[in-house]
Structure formats: C-alpha cells, structure tokens
There are 2 protein chains.
Amino acid sequence: MTGDGGSDASGVDPQELWLTSDRPRRGRKPAFSRESITAAAVALADAEGLDAVTMRRVASEVGAGVMSLYSYAPDKATLIELMVDHVSGELPVSGAPTGDWRADLKAIAHLQRALMLRHPWLPAALSTRRSLGPHTLAFLERALAALRPTGLDGAAKLEVFAQLTGFVAGHVAHEIAQAAAARSPERAAAEARYLAVVAADGHHPELAEALAAPGRALTPEATFTRFLNRLVDGLDSD
Amino acid sequence: MTGDGGSDASGVDPQELWLTSDRPRRGRKPAFSRESITAAAVALADAEGLDAVTMRRVASEVGAGVMSLYSYAPDKATLIELMVDHVSGELPVSGAPTGDWRADLKAIAHLQRALMLRHPWLPAALSTRRSLGPHTLAFLERALAALRPTGLDGAAKLEVFAQLTGFVAGHVAHEIAQAAAARSPERAAAEARYLAVVAADGHHPELAEALAAPGRALTPEATFTRFLNRLVDGLDSD
DNA sequence: ACCATTTCCGTACGTCGTACGAGAATGATG
DNA sequence: CATCATTCTCGTACGACGTACGGAAATGGT
C-alpha cells in the first residue's frame, strides 16, 4: 500500500491503473517498462493467440523473471487490459467529423474491424471487460464528436458507441472463426457431413433447403458493410 | 476407438457427439447420464458463473469421480457445448411464422435475450464456439422458417441468424455487465471518479459533455428493443 | 464359465496464476 | 561516505486446473 502516486500497480480501483504517475524518486530503477511488457504480450497474442499469453511466456519473451511482471500490472486481467489499450493506439484519432455522421460512424466501424483483423484476439479480450485506457478514450472522444450532429443525449451516444463496438467485435469474431474453419478442410468436411445427416432426417426442411441453395459467395468485407449500413442507417429513427 | 455407434464421446469430429446412438449392448451400465451431468453443470453455472464449472466441481455435484465425466464428454469444451444445447431446449420451437417476418424475427431475438438473462454465462459460452446440437438446430429451423418470406438465399438466411444471435449475445453481455457494475457501488464510484478526472483534463470535451448531460434513464429492455428494431427494420434494404 | 466391452475413478503430470519474502539496487538524508 | 527507507527482481512454492493412464468392477454375449 503506497498511497497514491506510486508506480506500483496495486490498488482497489481498476481505473487507478491509468492514473499512476510514472517516476518514484527512490528505490531501484525498473529494468523493464509497462510499455515493453505490453508490447511483448501483444506480439505473442498476435503470433500464437491469446492462450499463449501466460505470465511465464511473456516474462521469458521480455527477459524478465515471472514475478517481475507483477511490478507493472497487478494481475493478468490487467495485463490484458493494457494490451487492449495498447493496440487501440493504432486507431487514428485525427480525421475530424465531416458533417455526415453516418459516414463518419461507418468509417469508425471499419477502422475497428481492421484493427481486430490485425489482432484477432481482440474481440475475445474485449468480451471480458471494457477497458478505459487513454487510447481507448481518445478514440471514444472521436466517436462522440462524430455523433454530435445526431443530437442524442450523452447516455445515448455512449450506448451507440458501445453497441457499435460490440457489433464489430461480434462480426469479426465470426469472420475469424469462419476463416479458421475454411483453413482446416477436415473440420469443415466433418461439419458438412453432419449437417447433411441432419438435413436428411426430414425434421429440418428449412435447413435442408437453405443448405441446398448455394447463394453467391460474398466477401466478409461485403457482408460486414451490408450489416453495418443497416445498423447505422436506422440509427436516428427513434 | 470404438468405430461408429458407440456411446463413448471420443471422435475426431466435434459433431459426432450429437450422432452417438445411446445404448451399447455390452459393458458396465452407466451410473450417470449425459443429461444429468449437463444439467448439473448448467445449475452450477447459473448459480456461480462459468468459472465455477470445473470438472472437479461438476463431478462432485453429481456424485461421480472426476474422470468418470470423460465417459460422457471427451473434454471440457464439449461439456460446455452440451450445456449450450441443453439450455437451448428452453427455447420454444412452436410458434410458427405469422407472415410478418420482421415481427417474427424480433420475437425470436426477445426469446434469445430472455434465455441469456436466465443463464448469464451463455453469451460467454457462445462466444467460444458455435454449437449445433439438436435444440440449437430446432431453433435455427424456426428462425429459417420465419425468414422464408424475405426471399433471401440460404447462405444469407444463415448469416442473418448468426448475426442476430451475435447481436443479442453482445447486447446481453453488456447488459449483464452494467447490472453487475450497478450492484457494486464501489466499483461504479471508482469509475465515475476516474471519468471525472479524465473529463476535467480538457482533452476530452465531448466526453465531458456527454457525462454532463444526464439523459433519461432507459430500461435495458427499451434499449434492446430500440437497437433490435433498427437492425431488423433495415434488413431487406439491400 | 469365460471374455470382450464398457464404465468407474484413484493417481499423477504438466501448466496455470500468483502469494511470499529474501536479496539487490537506488536516492535521500545525516 | 554511511545509513536507511524505498522500490524492484525473481526463486520457490502452493493450490487449482484439465486430463492421460491404467487397474478394478460390472455387464451382456457366447
């Protein structure tokens, strides 16, 4: 318990993390940094998935002892929040509102999607908890600015942003799962075989028909854009 | 490796789980059942959350040895899929299409939301993997029937259902998180304090304003309905 | 009576997050 | 420069997890 202003990452409030001032005047000098540890964790997750992010792996990646990490983040959940905010720093914060708030909102969603495709673990990490780090907040600020012309009240604007983010995360998660399934033909074949059995049992005529009608191959991008347009275009109808 | 038709739960294909015929003619009689184990796991998750569902806890809840569970499900992930399909059995399968497919689709979404509120671990369990058990398929069949009047092709109908489910899961997850936050005033106060600091730093004018404008208190139900309407009402605009 | 088959489950292994606390490094103070 | 409080480093250890292994027990077919 160091009171406020210490650089250690303990504290009751999760938010207190983002408020820690950076340099204590006494004591041993830190050999690592929150930044480098977070970056290593992100690189690990990008390369091998979120499950590969263990305290031991991150520590060895960064050349530290395992327990040293706990000087920079009080627990693993916090480290993941740091990761989320870290990659959120890749989101452009400039690009002020154009006046067409629908277009602005769609552009924002596309930025989020691109980020999540670049860091496929992000939707899963977001589903655990909402982070409120500086980069996340900067992007939120941009989204709120874009929503200004709607005249919505504060709570509604925040709600729209949360909903939009949730929508993008859900879509990208699905998109990634599809891509992964397509990459392992054995799994895909097994599922197809199973569905064929179900379709043949006579109790699922609609499913049978849906599977029989091929439907044109649509890029994930196109599907995303279509649903996004539907959601955003309906946004001011109360 | 028992070939096909055995009651053990092994097999390369995850789907094979749902195809296992139930009674092998030889060997010791099972002391438990997939059903009772799954039900115990569901009860546990309902009462203490998904993290409380460990093989040891489920086994002790059901009066079995830990390793006995593996005669009924090949691994924990499969057990969770069983749980998902189990609670999906609570979804009414009757209630044929009324002809107004938008209303039907909205009703379906409301049913899903109610189910997820009753089993708050469900959104998290769904985010891991899509299950295709008999109850899930029965409900999918109903949704496809409701979508028939749209004239969408098979792939598009499946996509719409996946998207709708994802939307509901995302919304309910958010809803549950909000409710949990509201129930622990300390956390809420900490977050409010933190946001106040951020709002006061001058770099987040939009956020400051959004927080200042109170906005009427809207029930989660109302918010859900609003977003759902937006999504569904835009659905046939190509 | 025998045996193939299936289930039951105690034991054990490797991995995880992380509590503890001893040692090393540092800046402030005399 | 000596002391000391402070801060960081990290080896060790603990409990909990998923689950592989394999022997014991039960069952139905022969």
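Since we're looking at a predicted model, the values are computed, not measured. Here is the naming used below: chain letters follow the sequence lines, and residue numbers restart at 1 for every chain.
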Check the distance between [N]'s [atom2] and [X]'s [atom1] and give it to me in whole angstrom.
X: A:Asp51; N: C:dG17; atom1: CG; atom2: P; result: 10 Å
X: B:Arg28; N: D:dG23; atom1: CZ; atom2: P; result: 16 Å
X: B:Arg57; N: D:dA16; atom1: CZ; atom2: P; result: 12 Å
X: B:Lys29; N: C:dA4; atom1: NZ; atom2: P; result: 22 Å
X: B:Leu69; N: C:dT6; atom1: CG; atom2: P; result: 19 Å

Taking all non-hydrogen atoms of both residues into account, name the closest pair between [X] and [Y] and its distance.
X: A:Val53; Y: A:Leu44; result: CA-CD2, 4.2 Å
X: B:Pro123; Y: B:Ala173; result: CB-CB, 4.1 Å
X: B:Tyr72; Y: B:Pro30; result: OH-CB, 3.3 Å

Worksheet item: When you look at B:Leu140 and B:Leu158, which way does the side chain to side chain contact (heavy atoms under 4.5 Å, CB included) test go after all the steps?
Response: CA-CA 9 Å; B:Leu140 170 61; B:Leu158 291 173; 4.1 Å; yes
Whether [X] contacts [N] is assessed here as follows: a side-chain N or O lying under 4.0 Å from the phosphate OP1 or OP2. Is that the case?
X: B:Tyr72; N: C:dT7; value: no
X: B:Ser71; N: C:dT6; value: no
X: B:Ser68; N: C:dC9; value: yes

Close N or O pairs between protein and nucleotides 19-22 of chain D (under 3.5 Å):
unit_1 : atom_1 : unit_2  : atom_2 : d
D:dT19 : OP2    : B:Tyr70 : OH     : 3.2
D:dT19 : OP2    : B:Lys76 : N      : 3.0

Assign [X] to base, sugar-phosphate, or nothing according to its heavy-atom contacts below 4.0 angstrom with the strands shown.
X: A:Ala64; result: sugar-phosphate
X: A:Ala31; result: sugar-phosphate
X: A:Gly65; result: sugar-phosphate

Worksheet entry | Pair B:Thr78-B:Asp75, side-chain donor/acceptor within less than 3.5 Å |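 Yes.
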Worksheet item: When rounded to the nearest 0.5 angstrom, what is the spacing between CD in B:Gln112 and CG in B:Leu117?
Response: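 Here the interatomic distance stands at 12.0 Å.
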Worksheet item: Quick one: on DNA chain C, does B:Arg26 or B:Gly63 contact a more 5' nucleotide (nearest heavy atom)?
Response: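 Result of the comparison: B:Arg26.
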Item to complete: Look at the rings of A:His174 and A:His171 and say which category their plane angle falls in: under 30° parallel, 30 to 60° tilted, over 60° perpendicular.
Response: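 Plane angle over 60°, so perpendicular.
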